[in-house]
Chemist: 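If you scroll down you'll find the structure; I have some questions about it.
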There are 2 protein chains.
Amino acid sequence: MTQVSYLQDYQNPERHIGKARSRPPQFSAFEQDVELDGNSFTSTPVLNITSGVLGIRHMLGDGRQTISMLFFPGELLDFRCLLDTKGTVSCLLPVTASLYDGDEYDRLQRENAHFNSEHIASNNRQYHIAAQHCVDLARKSSVEKLASFIFECRNRLHVDPTQAIALRLRRSDIADYMGLRVETLSRAFSKLKQLKMITANENDEVTIINEPALRMLANGAG
Amino acid sequence: MTQVSYLQDYQNPERHIGKARSRPPQFSAFEQDVELDGNSFTSTPVLNITSGVLGIRHMLGDGRQTISMLFFPGELLDFRCLLDTKGTVSCLLPVTASLYDGDEYDRLQRENAHFNSEHIASNNRQYHIAAQHCVDLARKSSVEKLASFIFECRNRLHVDPTQAIALRLRRSDIADYMGLRVETLSRAFSKLKQLKMITANENDEVTIINEPALRMLANGAG
DNA sequence: CGCAAGATTGATTTTGATCAACGGCAGTGG
DNA sequence: CCACTGCCGTTGATCAAAATCAATCTTGCG
């Protein structure tokens, strides 16, 4: 739980304030478990993740933890969405990302029609994912949650349906994201294997071996 | 559960495609329980709600229902965020809203700096609310969920802290939103009253009578 | 090796879902 | 007017699922 101001990695922010519109964003790398605190930013940044996974981690008063949102490679995280949140952005894996200055990002977005439409599409996609996640959390059983999570990973990582899905997250992070305890999650894994819907190799890469059944389960067709 | 194409209410869509930039958006009113299906739209609209409450309703395979997101007056609902979702937008109360054509909205947003910054702020706010909702769903007990919901309503309806909060939603809709059954929700209400944290009048308007305690509870300080 | 962190398994408890019944109330129709 | 109906919310009793508590196993690492 190392606390790091992103400014340490975002050298020479002045370089990004000028008028040039093709200035490349700054690249940065963060180790696993580094926490990026939104309040420690002077210039609110937008992160475009190139590898690894970020999550917004929240802590309840008595220590219960949750991860409300995940960010996979190719997805955008706008730090301004959590200004008044208690949540902190946490690197669930080693992460590399390119950083935009918030104002710079907005300007690009206004001035470049292509960039603008990509931005809108990205926003809508993230919101759609959030809505789906709420559905998963609200009413599904532990096994249904895990089935949904596996599909979510496959989609967001753009894994070919024939390929194995590397869930490189720790069990505890998956559990925090899906609103389960690790023990319950572990039992859900056992259940899916026992039902012959998935298999997993020694690297915890999941292969879906009965996709229709797993899909039904994820959709709550009880 | 009346199914209505928004086109019935959005007369003369051609009028909105021209170049005039100050074209006022179209106003519409919908009755309670009207369902707006995203797939029935030809021109994807953006709704700015002026009164009432909208929700995105989802149905699992075996009939379990969820409401993943709510939209209160002053908030924007971009129908493009649920293009490939099974969810439908449902009027949880009688609703009035102004409708923008999606492309028109995007153009306004690109061309008008003020509109643009309002749009970004709105997006971030909605995303923040979604993240908080995930936290509420993932780990909180039924009573904590209700406490959180009361604060969420107060914030999103901009109710003065000294005033009563009108939760005009049906119990079943609140329950679907918070991932509870109506019976459990009802017991949570009883519990909060018994703990002398809230009172409610005959119109189901809630008054917070011990805000610090209710806040602690909502934050999970167990 | 010894240790720590992560993952799994088992036994027990707690919470919320489920099932069932009831009361209030608005709308309907004789 | 009053029975009848359907919807909504509440309450009570029981059940099932997940949390909790505890122990064990696995793996990587100084």
Side-chain angles (χ1 to χ4, degrees), chain A residues 1-2 31-33 60 62-67 92-94 136-149 166-195 198-206 217 220 222, chain B residues 1-2 31-33 60 62-66 92-94 136-149 166-194 198-206 217 220 222:
Chain A
M1 175 104 69
T2 329
E31 312 234 319
Q32 186 170 28
D33 292 325
L60 297 192
D62 64 352
R64 277 171 282 173
Q65 275 198 63
T66 309
I67 292 172
L92 308 182
L93 293 173
D136 293 343
L137 289 175
R139 285 255 186 263
K140 291 185 181 177
S141 73
S142 59
V143 186
E144 290 165 348
K145 283 179 180 180
L146 177 55
S148 303
F149 179 73
L167 314 172
R168 293 154 57 218
L169 300 190
R170 281 179 292 239
R171 291 280 187 273
S172 61
D173 290 333
I174 301 175
D176 284 346
Y177 183 58
M178 297 313 296
L180 300 169
R181 315 306 327 244
V182 284
E183 298 93 326
T184 307
L185 182 67
S186 177
R187 286 183 245 268
F189 268 108
S190 306
K191 189 77 183 174
L192 287 186
K193 288 172 192 160
Q194 178 209 317
L195 290 170
I198 64 168
T199 55
N201 66 16
E202 67 286 349
N203 293 325
D204 211 33
E205 293 168 345
V206 169
L217 190 64
Chain B
M1 176 102 71
T2 329
E31 310 234 320
Q32 187 169 29
D33 291 326
L60 296 191
D62 63 352
R64 277 171 283 173
Q65 276 199 61
T66 308
L92 308 182
L93 293 172
D136 294 343
L137 289 175
R139 284 255 186 264
K140 292 186 181 177
S141 73
S142 60
V143 186
E144 290 165 349
K145 283 179 179 179
L146 176 55
S148 303
F149 179 74
L167 314 173
R168 294 154 55 218
L169 300 190
R170 282 180 292 241
R171 290 279 186 273
S172 60
D173 290 333
I174 301 175
D176 284 346
Y177 183 58
M178 297 312 295
L180 299 170
R181 316 301 335 241
V182 283
E183 298 93 328
T184 306
L185 183 68
S186 176
R187 285 183 246 268
F189 267 108
S190 306
K191 189 76 184 173
L192 287 186
K193 288 170 193 162
Q194 178 209 317
I198 64 169
T199 54
N201 66 16
E202 67 285 349
N203 292 325
D204 211 34
E205 293 168 344
V206 170
L217 190 63

Chemist: Ignoring backbone atoms, establish whether A:R187 has a side-chain N or O less than 4.0 Å from OP1 or OP2 of C:dT8.
Modeler: no
Chemist: Counting only side-chain nitrogens and oxygens, does B:S141 get under 4.0 Å of the OP1 or OP2 atom of C:dT15?
Modeler: no
Chemist: In whole Å, what is the span from the NZ atom of A:K140 to the P atom of D:dA18?
Modeler: 14 Å
Chemist: Expressed as a whole number of angstroms, how long is the span from B:L167:CG to D:dC8:C1'?
Modeler: 15 Å
Chemist: Identify whether the distance between the nearest side-chain nitrogen and carboxylate oxygen of B:R170 and B:D33 falls below 4.0 Å.
Modeler: yes
Chemist: How close or far is atom C1' of C:dG24 from atom CG of B:N203, stated in whole angstroms?
Modeler: 15 Å
Chemist: Tell me: CG of B:L146 to P of D:dG9, nearest whole Å?
Modeler: 13 Å
Chemist: If you check the A:R170 side chain, which of C:dA7, D:dT11, D:dT20 turns out closest?
Modeler: C:dA7
Chemist: With respect to the side chain of B:L180, which nucleotide from C:dA17, D:dT10, C:dA11 is positioned closest?
Modeler: C:dA17
Chemist: Round to a whole Å and report the spacing from CZ of B:R181 to C1' of C:dG16.
Modeler: 10 Å
Chemist: Evaluate the side chain to side chain contact (heavy atoms under 4.5 Å, CB included) criterion for residues A:L180 and A:L146: first the C-alpha distance (whole Å), next the side-chain angles of each, then the deciding distance (0.1 Å), finally the verdict.
Modeler: CA-CA 10 Å; A:L180 300 169; A:L146 177 55; 5.8 Å; no
Chemist: Check the phosphate of C:dA17 against B:T184, side-chain N and O only, distance under 4.0 Å to OP1 or OP2. Yes or no?
Modeler: yes
Chemist: Taking atom P of D:dA16 as reference, at what distance in whole Å does atom NZ of A:K191 sit?
Modeler: 14 Å
Chemist: Check the distance between D:dT20's P and A:L185's CG and give it to me in whole angstrom.
Modeler: 15 Å
Chemist: Would you compute the distance between atom CD1 of A:I174 and atom CG of A:L169 and round it to the nearest 0.5 angstrom?
Modeler: 5.0 Å
Chemist: Assign each of A:S142 and B:S172 to its nearest nucleotide of DNA chain D by heavy atoms, then name whichever residue's nucleotide is nearer the 5' end.
Modeler: B:S172
Chemist: Would you mind telling me which of C:dT9, D:dA18, D:dG9 lies closest to the side-chain atoms of A:S190?
Modeler: C:dT9
Chemist: Atom NZ in A:K145, atom CG in A:L137: separation rounded to 0.5 Å?
Modeler: 5.5 Å
Chemist: Atom CZ of B:R168 and atom CD of B:Q32: how far apart are they, to the nearest 0.5 Å?
Modeler: 9.0 Å
Chemist: Please figure out whether A:F189 or A:R139 has its closest DNA chain C nucleotide nearer the 5' end.
Modeler: A:F189
Chemist: Considering only D:dT10, D:dA19, D:dC21, which nucleotide approaches the side chain of A:E183 most closely?
Modeler: D:dC21
Chemist: Does OP1 or OP2 of D:dG9 have a side-chain N or O of B:S186 closer than 4.0 Å?
Modeler: no
Chemist: Between A:L192 (CG) and C:dT8 (P), how many Å, whole number?
Modeler: 12 Å
